[in-house]
There are 2 protein chains.
Amino acid sequence: MTRSEENYIKTIYHLGDAGMHSVPTNAIASQLKTQPSSVTDMIKKLSDKKYVHYKKYRGVYLSEKGINAALTIIRKHRLWEVFLAEKLGFNWDEVHDVAEQLEHIKSEKLIDKLDAFLNFPKYDPHGDPIPGKNGELAQRSLQLLSSLQPNDEGICVGVKDSSVTFLKFLDKHNISLGDHIKILDAEEFDESLTIQIDNKNLHISKRIATNLFIKPVRE
Amino acid sequence: MTRSEENYIKTIYHLGDAGMHSVPTNAIASQLKTQPSSVTDMIKKLSDKKYVHYKKYRGVYLSEKGINAALTIIRKHRLWEVFLAEKLGFNWDEVHDVAEQLEHIKSEKLIDKLDAFLNFPKYDPHGDPIPGKNGELAQRSLQLLSSLQPNDEGICVGVKDSSVTFLKFLDKHNISLGDHIKILDAEEFDESLTIQIDNKNLHISKRIATNLFIKPVRE
DNA sequence: ATTTATTTTTAGATTTACCTAAATATATGA
DNA sequence: TCATATATTTAGGTAAATCTAAAAATAAAT
Ligand SMILES: [Mn+2]
Ligand SMILES: [Mn+2]
Ligand SMILES: [Mn+2]
Ligand SMILES: [Mn+2]
């Protein structure tokens with residue numbers, strides 16, 4: 001698999017919700033910042049190679065083979081992110097771009113050894129689950145912070161938006177994964193929330209609340 | 001710089017003895033397993049970009065810019081080799097191929113952090129010096145084992161041939177870098193040597209002796 | 001100094017991953 | 001339903017890095 005093929009497969013996986021539904025050509029094009037015609041070309045190649053199912057004008061979705069390929073790349077990407085953050089001291093907003101390169105290194109042994117070296121982590125620095133060697137994905141019961149009610153409590157376990165700006169915003173307000181969060185008040189007007197985090201009170205907008213994953217804890 | 005350009009620069013550096021003298025087209029072609037005509041094409045590009053000095057039919061040699069580029073790539077290659085061997089437990093005959101891929105990852109921050117994580121190593125697993133951030137190369141006084149006389153002693157600090165077969169041979173006979181070696185006897189007929197290593201006596205052929213670097217120690 | 005052999009370059013193709021512009025299919029909405 | 005808007009594909013092209021075959025330059029050998 002070429003680097004380009006890998007990037008397409010990964011993109012189709014993410015856009016198609018883990019290979020569940022089909023993905024329109026234009027969505028892939030805008031994600032990869034290429035022209036739709038380039039996507040059509042590549043889709044044909046991936047289809048010939050049986051990574052995707054494709055019917056003209058009907059979008060693509062990943063085959064079993066394609067899903068496995070995607071999971072392998074995502075596994076590598078996320079393990080490298082853990083390495084960069086845990087071992088090299090990168091901030092969580094810096095790991096993604098470098099991991100985009102490292103994910104294409106071809107060596108099964110390297111990934112297995114890296115996995116062991118990192119102590120078989122289950123989640124990456126953004127709280128996303130790391131697929132196992134055979135593609136197993138940890139599934140957690142988690143909800144968006146925005147869906148909680150006053151007095152609900154939980155642990156912050158992931159970010160939905162992992163853009164640099166959002167991650168830097170969280171840093172600025174001292175919100176990190178693992179933090180215990182309790183909803184103190186919900187403002188009906190703008191759906192903003194007052195939360196208790198790290199024993200301090202914080203008022204956050206709806207926008208923020210819809211991008212933080214919480215694992216609820218029984219009071 | 002593209003990956004291909006980097007590979008050419010690195011090859012020219014090695015074949016031209018650290019950029020000292022010029023390198024014939026065919027040498028580059030056979031090293032990179034490409035056709036001489038492909039080399040000519042690339043050389044023209046590298047010349048346009050001022051990485052090499054080139055006169056038709058006269059071979060190429062690296063410019064100052066080219067030497068710096070080469071040292072950067074070699075620095076990355078060797079740091080990754082140290083990482084693979086020291087941190088991930090790769091054997092020294094397995095690190096090179098993976099490092100060939102890792103050396104092309106583009107992130108200055110990554111390399112600086114990796115360097116620090118590894119505790120600023122001066123040599124790679126084969127005893128080759130690791131260029132510093134500004135291209136400084138440690139120079140040691142070292143000679144080939146084959147050049148020593150009976151009763152001379154030294155520390156084994158590097159391999160000249162770092163092919164998988166030679167490294168595996170050394171493993172088999174328990175020869176590793178850092179070992180103290182003393183010449184017991186030199187056979188004039190076939191230039192083989194009897195050496196004391198690790199308190200055991202070993203008889204080695206000329207071929208072996210010309211591929212081990214020794215740092216002599218005063219008796 | 002010629003001839004012959006070797007090395008290197010040129011000329012012209014090929015493959016991959018892109019692109020633009022035009023054609024065509026699908027979706028939307030009056 | 002039929003016209004219009006949008007999405008997608010086709011057709012034809014480009015740049016990078018390769019290749020083969022042929023031409024030209026250099027080196028080696030008589
Ligand atoms: Mn990422
Ligand atoms: Mn991530
Ligand atoms: Mn190496
Ligand atoms: Mn090495």
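Below, chain A is the first sequence line, B the second, and so on; all start at residue 1. This structure is a prediction, so every number in the text was calculated from the model and none was measured.
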*Counting just side-chain N and O atoms, does Thr25(B) come under 4.0 Å of either OP1 or OP2 of dT9(C)?*
yes
_Sugar-phosphate, base or nothing in reach of Arg58(B), heavy atoms under 4.0 Å_ = sugar-phosphate
_Less than 6.0 angstrom from the centroid, inside 45 degrees of the normal: does Lys113(A) satisfy that with respect to the ring of Phe90(B)?_
yes
*Under-4.0 Å side-chain N/O to phosphate OP1/OP2 contact, Tyr8(A) with dT16(C)*: no
*Any chance the side chains of His96(A) and His126(A) put a donor and an acceptor closer than 3.5 Å?*
no
*asked:* Go nucleotide by nucleotide along DNA chain C from the 5' end; which of Lys56(A) and Met42(A) gets its closest nucleotide reached first?
replied: Met42(A)
*asked:* What is the distance, to the nearest angstrom, from the NZ atom on Lys33(B) to the P atom on dC19(D)?
replied: 12 Å
_So Ser37(B), base contact, sugar-phosphate only, or nothing? Heavy-atom distance under 4.0 Å._
base
_Whether Tyr57(B) contacts dA23(D) is assessed here as follows: a side-chain N or O lying under 4.0 Å from the phosphate OP1 or OP2. Is that the case?_
no
*Side chains of His203(A) and Ser192(A): do they bring a donor and an acceptor to under 3.5 Å?*
yes
*asked:* Is the phosphate of dT6(C) approached by Asn26(B) (side-chain N or O, under 4.0 Å from OP1 or OP2)?
replied: no
*Does Lys87(A) count as lying over the ring of Phe117(B), i.e. NZ or CZ under 6.0 Å from the six-ring centre, within 45 degrees of the axis?*
no
*Taking atom P of dA21(C) as reference, at what distance in whole Å does atom CG of Asp41(A) sit?*
17 Å
*Would you classify Lys44(B) as touching base, sugar-phosphate or nothing, given that sugar-phosphate means primed atoms plus P, OP1 and OP2, and contacts are heavy atoms under 4.0 Å?*
sugar-phosphate
_With a 4.0 Å limit, can you tell me whether Gln35(A) has a side-chain N or O closer than that to the phosphate oxygens OP1/OP2 of dT20(C)?_
yes
*DNA chain C: Pro36(A) or Val23(B), which has the more 5' nearest nucleotide?*
Val23(B)
*asked:* Under a 3.5 Å cutoff, is there a donor and acceptor pairing between the side chains of His104(B) and Asn7(B)?
replied: yes
*Whole angstrom value for the distance that separates C1' of dT7(C) from CD of Gln31(B)*: 18 Å
*Determine the contact category for Thr34(B): base if any of its heavy atoms lies under 4.0 Å from a base atom, sugar-phosphate if only primed atoms, P, OP1 or OP2 are that close, otherwise nothing.*
sugar-phosphate
*Euclidean distance, atom CG of residue Leu46(A) to atom P of dC18(C) [Å, nearest integer]*: 11 Å
*Between atom CD1 in Ile43(A) and atom P in dC18(C), what is the gap in whole Å?*
13 Å
*Spacing of Lys55(A) atom NZ relative to dT26(C) atom C1', expressed in whole Å*: 16 Å
*Mind calculating the distance between CD1 (Ile28(B)) and C1' (dT7(C)) to the nearest angstrom?*
13 Å
*Under 4.0 Å between any heavy atoms, over every strand shown, what does Ser38(B) touch: base, sugar-phosphate, or nothing? Just pick one.*
base
